[in-house]
Amino acid sequence: MKEIKVKKIISNNVIVVFLVLLCLFFGIMNTNFFSSINVMNLLSQMCVNALLASGLSFAIILGGIDISVGSQMAVTGVVAALIASKVGQMNSLTALFILILSAIVIGVIIGGVIGSLIAYGGLIPMICTLAFLTILRGLAYIISGGGPIYGLDSNFGCLGAKRLIVTGNFPNGMIPTSVIFTVIIVFIMHFILSKTIFGRHVFAVGSNKNVAHLAGIDVKKVTLISHMLCSVTACMAGVVTASKLQNGQPNIGEGYEMFAIASCVLGGTSLNGGRGSVARAMFGVAVIAVINNGMNLLNISAYWQKVVIGTIIIIAVLADTLQQKRTQKN
């Protein structure tokens, strides 16, 4: 009985076991992996992908997807930087207001348009967001004039570049403000998905739209709001990146959608919809961050990192497909 229980626990938490093994492997290969400095850098590197995955979980659980999140990051970062450049000198509170308000407003607008086209226009999520991937990237270059927006007040970095708690080992601060911000947003998204009526509606729609409709759920409204939440978190990832770089780059976020999708799938979110978790998606985020960080410490080429991440995505999707087939047989 004990062996059966252990096997069941392991099978239900494969991603956790894999993450622990990865950490042990890279820790043995390079002792700097577990150093306090590297751990803080690792947490900081996870922030953008964690924000993207927390919102993308909603779209994927619905049975859809949003591959334009990287371009949404770029547009928001550029707009926030442009506003900050017009304001000029500012304190941290003003900078924080500009960054967060930009993310919310732009996210609601972009998510509202994408969600409406999918929910009320009947567009296929993949095709719709593929179009917006290009449209928004083009807008980012148009708004920025084709190049980065520099010359921003140093307080613009309050959300992405600053750190709190100064110690001997961390004279500039130990805990990045981006980590604190990300934890708050991820917790909110997790709460919405797992503890609210709306979250249950998201799972119901993702499992079977027709049944959800017959149960009295407004499928179109759920789809619209889910894409708005997805876009808001993507835009928050954009302002965090812009704040960290302390400028607006129209090329940021390129390819980031693949990391976010991989994180969700690794965390057990089904691409067929109806199953997933924001909390478990964070384990997927951690796996990808550990792989990238560990391979950097081992001086492995960035090209090989892409190969490894792509292979992991294929394995994760294959595992999800096999699990779906087993479920259907049972």
Non-hydrogen atoms of [X] and [Y] that approach each other most closely:
X: Thr129; Y: Pro125; result: OG1-O, 2.7 Å
X: Ala59; Y: His227; result: CB-CE1, 4.1 Å
X: Phe259; Y: Asn292; result: CE2-ND2, 4.2 Å
X: Cys264; Y: Ala281; result: CA-CB, 4.2 Å
X: Asn208; Y: Val211; result: OD1-N, 3.1 Å
X: Ala237; Y: Thr241; result: O-OG1, 2.8 Å

Take atom [atom1] in [X]; do more than 12 heavy atoms of anything else shown fall under 6.0 Å from it?
X: Leu21; atom1: CG; answer: yes
X: Lys162; atom1: NZ; answer: yes
X: Ile124; atom1: CD1; answer: no
X: Phe97; atom1: CZ; answer: no

Next item on the list: Would you sort out whether Leu266 and Phe283 count as a side chain to side chain contact (heavy atoms under 4.5 Å, CB included), showing the intermediate values?
Entry: CA-CA 8 Å; Leu266 284 170; Phe283 285 105; over 6 Å; no
Backbone of [Y] reached by a side-chain donor or acceptor of [X] within 3.5 Å:
X: Asn247; Y: Pro148; answer: no
X: Asn155; Y: Asp153; answer: no
X: Thr269; Y: Val265; answer: no
X: Ser71; Y: Leu133; answer: yes
X: Asn30; Y: Leu297; answer: yes
X: Arg163; Y: Met174; answer: yes
X: Ser231; Y: Met228; answer: no
X: Thr94; Y: Met90; answer: no
X: Ser44; Y: Met40; answer: no
X: Thr177; Y: Cys158; answer: yes

Below 4.5 Å, heavy atoms only, C-beta onward: do [X] and [Y] meet side chain to side chain?
X: Gln249; Y: Val78; answer: no
X: Cys23; Y: Val290; answer: yes
X: Ile114; Y: Gln72; answer: yes
X: Tyr120; Y: Thr223; answer: no
X: Phe181; Y: Ile100; answer: yes
X: Val219; Y: His213; answer: yes
X: Leu224; Y: Lys220; answer: no
X: Val69; Y: Tyr256; answer: no

Note to self: Run the side-chain contact (heavy atoms from CB on, under 4.5 Å) test against Val202 and tell me which residues pass, sequence neighbours left out.
What the structure shows: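 Scan of Val202 (side-chain contact (heavy atoms from CB on, under 4.5 Å), adjacent residues dropped) gives Phe58, Ile61, Leu62, Leu193, Phe198, Val222, Ser226.
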Next item on the list: Go through Met46 and Met282 one step at a time and tell me if the side chain to side chain contact (heavy atoms under 4.5 Å, CB included) criterion holds.
Entry: CA-CA 9 Å; Met46 287 172 59; Met282 293 306 107; 5.9 Å; no
Note to self: If you apply the rule side chain to side chain contact (heavy atoms under 4.5 Å, CB included), what do you find for Gln246 with Tyr150, and how did you get there?
What the structure shows: CA-CA 8 Å; Gln246 297 193 51; Tyr150 291 116; over 6 Å; no
Establish whether [X] and [Y] are linked, either directly or via other cluster members, by ILVMFWY side-chain heavy-atom contacts under 4.5 Å.
X: Leu152; Y: Leu101; value: no
X: Ile225; Y: Ile109; value: no
X: Tyr141; Y: Leu82; value: no
X: Ile15; Y: Val308; value: yes
X: Val105; Y: Leu136; value: no

Nearest-0.5 Å distance, [atom1] of residue [X] to [atom2] of residue [Y]:
X: Ile149; Y: Lys86; atom1: CD1; atom2: NZ; answer: 8.5 Å
X: Ile291; Y: Phe18; atom1: CD1; atom2: CZ; answer: 5.0 Å
X: Cys47; Y: Ile180; atom1: SG; atom2: CD1; answer: 10.0 Å
X: Ile65; Y: Ile127; atom1: CD1; atom2: CD1; answer: 11.5 Å
X: Glu257; Y: Asn49; atom1: CD; atom2: CG; answer: 11.0 Å
X: Phe156; Y: Ser92; atom1: CZ; atom2: OG; answer: 12.5 Å

Notebook entry, point to check: Any side-chain donor-acceptor pair under 3.5 Å between Asn38 and Asn293?
Noted result: yes
Item checked: Working for side chain to side chain contact (heavy atoms under 4.5 Å, CB included), residues Ile67 and Phe132 -> CA-CA 8 Å; Ile67 60 174; Phe132 272 89; over 6 Å; no
Next item on the list: Report the residue from Leu52, Leu99, Thr76, Ile104 that forms a side-chain contact (heavy atoms from CB on, under 4.5 Å) with Met236.
Entry: Ile104
